[in-house]
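For ligands, and for the atoms within them, numbers begin at 1 and follow the listed sequence. In this text the structure is predicted, and so the values were computed from the model without any measurement.
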Amino acid sequence: MTLSHTDQSWPTSGISFGGDYNPEQWHPDVWREDVDLMRQAGVNLVSLGIFSWGLLEKAEGVYDWAWFDEIVDLLGENGISIDLATPTAAPPSWLLARHPEFPPVDHDMTRHWPGARLGWCPSNRDFRSHALRIVRAVAERYGSREHVVMWHVSNELGGGNGHCYCDVSAAAFRNWLKSRYGSVDKLNEAWGTAFWGHHYGTFDHILPPRGNDAKNPSLMLDFDRFSSDELLEHYRAERAVLKEVTPDLPVTTNFMVGAEPDAVDYARWAPHMDILANDHYTRSSDPVPQQDVAFSGDRMRSLTTDRRPWLLMEHSTSAVNWQPRNRAKNPGELIRDAISHVAHGADGVMYFQWRASRAGAEQFHSGMVPHAGPNTKVFREVRALGGHLRRLAPVLGSRVPAARVGILFDNEAGWATRRGVKPNNFLEYGAAVRDWHAAFWRRGDGVDVLPPWKDFSTYDTLVAPQLFLVSDDTALRAEEFVAAGGTLIVTAFSGIVDENDQVRLGGYPGAFRRVLGVWTEEFYPLQEGETFRLDNGWSGQEWTEHVHAEEADVLARYQGGALDGYPAVTVRTHPGGGRAVYVSAGIGRAGIRALVDDLVEPPPEVVGRVPGLEVGVRHTTIDEFVFLINHAAEDATLNISGTELLSGLTTEGSLVVPAGDVRVVHRSRPA
Ligand code: GLA
């Protein structure tokens, strides 16, 4: 088999399996039981020390390594590798007591109090020097240990300190603006500061978007960009220390990639990671959580340049504790979620956290070992999963095949949609993108969810759902994509503003007007509960608009109401056969599904279609791995031959995937 992670070795020899390990919460007697249970479960990697700063550095420069030495040794003796954290997510209380100015300040100028985590302003250089001291100390003490295989920088950077509005941040923001714009005149132009007389004579008068009054959207977007860059700078400063001490160890930090715009711009962070790692959690209220698993994997993979595998750094074995009502996972769900993440390109499955805590803010969050102990559904499934992942070692390094469908997802578009007042303030960017993803996912289409600056040419179909902010370059490449024969689907409230968050004139959807051959005169957002109908029988809510289809054919028209008879869905067929489709109305999931089925050929079948059976593929140049995840309550019988890796049995023709269960078939890659 030709498997390889191109330029960086993977931290474990098989699929990584484990979780956050916080032994400081437990008596050392429990540590021995922990490693026993870890061995039973097949754990080969734990993230250690994430919140240990205050216990490692008791006062400035005064270290207590003894307990940590013991746990590091214990894990090594038991063959468990360590993804060692820099503990900067949890500054010690002595440090915060001495520096009340470290915690971040919210937009209303209230400063966070110590007592949570990530309690520091990303721009504060004093804080950073303390952070780099503990990073270096940890790296020098443990970096050369053979079973320390990877660095985990801080924890979910931006989750708690994504924005800071304090004076230190304000000064850093001004510097960032100076280097972005060069002159204050350019900034005035980019921000349109003539409005409400906000013109600046000097950078010195610029403030972060503090307070609750309406603010200039361009300023707010730049503040979001700046905030992401500041945290990236912090990550890079920690990374530089780690690389100085241990040049060969991979460095990562855990992303929070899902269906919401991210706290920071992960697509721009990704090139600074040796291995991409994600924290993904499903929501109790989500009727189709398995699609959210697929969505996050489809985004993670698309953050790389070569579809290389990534690491699921955190997931939950069962309920989380941070939703209004925290649903326990159903029997088998833990395994289905995990295998689905692997099917979508993860080469590791890790959880928050090894042992459910007795105390502290997350005492009701599930763990790999629940409060009730190992004689439980959760631990039995953890152990079973460990066995599965061990048998899936041949999958390591294989790739998810190229996708036919690309869906554009851009944090800047999401941030710009969310900030500032809009014609309808109930449009949710993440939900809009996920609805389109669902329509393809349900049919078994391979989908990439990619940032808009990536190459479009490998896709047959490209969707731009509610892509509010679009650069000239993206607009041009979308035109080239259609000219080359692709199908482009653009939905309402896309292409509206440029990179400065200024409206594109001449009719909506500005950036895409030319390729679509339509222009919109005015938006007609609907009131809560109000619906519209189209003449093809579709209906929907939230959004309609007054469209002129000058160079496009009309697929459906509004029926009734102020827009009666006007185009609602249009298609422009280009000379090379490419199509540009505009969906001007909120046609909802049913409409989206119908449109996708009308416009886009279903994907070739891998094993035939069985309701509720999710099929994923990974491959190498010669091997193919077919992941079969049965979300349904009935057994699925399919036609496939190869070696079923979880049982080791050869299957010739007919394979049953029991209800709620998973199978993975290894076969030769078809020519
Ligand atoms: C995040 C954090 C963890 C924990 C989990 C709970 O992912 O990184 O420390 O708080 O959420 O779901």
Side-chain angles (χ1 to χ4, degrees), residues 16 18-26 45-55 83-91 112 115-120 150-162 231 234-235 238 252-260 262-264 266 269 273 275-286 289 292-293 296-297 299-300 310-329 333-334 337-338 341 346 348-371 378 382:
S16 309
D20 285 13
Y21 184 35
N22 299 306
E24 63 270 38
Q25 297 176 15
W26 302 95
L45 184 68
V46 292
S47 302
L48 189 71
I50 297 179
F51 302 109
S52 304
W53 187 352
L55 289 169
D83 165 38
L84 190 54
T86 66
T88 55
H112 290 208
R117 55 182 166 176
L118 288 158
W120 43 271
M150 168 164 162
W151 292 113
H152 179 297
V153 168
S154 204
N155 192 63
E156 291 192 342
L157 289 164
N161 62 352
L231 275 161
H234 179 92
Y235 164 83
E238 288 201 26
T252 192
T253 190
N254 42 348
F255 289 4
M256 298 174 272
V257 162
E260 295 299 317
D262 306 316
V264 297
Y266 290 128
W269 284 42
M273 309 293 139
I275 286 171
L276 284 188
N278 196 33
D279 295 353
H280 177 265
Y281 293 90
T282 53
R283 293 192 181 262
S284 306
S285 56
D286 189 341
D292 197 50
V293 171
S296 70
R299 268 195 73 200
M300 282 304 287
W310 47 276
L311 175 64
L312 179 67
M313 186 67 92
E314 288 183 30
H315 193 62
S316 68
T317 56
S318 191
V320 300
N321 72 321
W322 41 265
Q323 296 172 13
R325 294 185 176 88
N326 299 288
R327 180 178 72 82
K329 288 196 179 176
E333 193 173 347
L334 179 161
D337 283 355
H341 273 299
V349 177
M350 315 263 292
Y351 291 93
F352 176 82
Q353 60 180 330
W354 167 250
R355 201 179 262 280
S357 302
R358 293 186 69 188
E362 298 184 307
Q363 63 186 161
F364 293 109
H365 195 292
S366 60
M368 297 170 82
V369 182
H371 288 152
V378 165
V382 163

task = Look at the aromatic rings of H315 and H280 and report parallel, tilted or perpendicular, splitting at 30° and 60°.
result = parallel
key: Side chain, backbone, both or neither: the part of N155 lying under 4.0 Å from ligand 1 by heavy atom   = side chain
message = If we set the cut-off at 4.0 Å for heavy atoms, which region of M256 has an atom near ligand 1: side chain, backbone, both, or neither?
response = neither
message = Please list the nearest protein heavy atom to atom 7 (O) of ligand 1 with its residue and the distance rounded to 0.1 Å.
response = E314 OE1, 2.3 Å
request  = Kindly give the heavy-atom pair with the smallest separation between N278 and F255, and that separation in Å.
outcome  = OD1-O, 3.1 Å
remark   = For E362, the ligand 1 atoms with a heavy-atom partner under 4.0 Å come out as 4 (C), 5 (C), 6 (C), 10 (O)
key: Region of H365 that comes within reach of ligand 1 [heavy atoms, distance under 4.0 Å]   = side chain
message = At less than 4.0 angstrom from any non-hydrogen atom of R117, what atoms of ligand 1 do you find?
response = 2 (C), 3 (C), 4 (C), 9 (O), 10 (O)
query = How close do S366 and A319 get, heavy atom to heavy atom, and via which atoms?
reply = OG-O, 2.7 Å
ask   = Which atoms of ligand 1 sit under 4.0 Å from any heavy atom of F51?
value = 9 (O)
request  = Run the numbers for me: atoms of ligand 1, each under 4.0 Å from some heavy atom of D279, listed by number.
outcome  = 7 (O), 8 (O)
message = List ligand 1 atoms under 4.0 Å from E156, heavy atoms only on the residue side.
response = 1 (C), 2 (C), 7 (O), 8 (O)
request  = Pull out every atom of ligand 1 sitting under 4.0 Å from any heavy atom of F352, numbered as shown with elements.
outcome  = 3 (C), 4 (C), 5 (C), 6 (C), 9 (O)
Inter-residue atom distance L157.CG - M256.CE, 0.5 Å rounding = 8.0 Å
request  = Could you tell me which non-hydrogen atom of N254 sits nearest to which non-hydrogen atom of D279, and how far apart they are?
outcome  = ND2-OD2, 2.9 Å
Pairwise side-chain contact, M300 with Y266, heavy-atom cut-off 4.5 Å (strictly under) = no
ask   = Closest approach of E314 and E156, non-hydrogen atoms and distance?
value = OE1-OE2, 4.1 Å
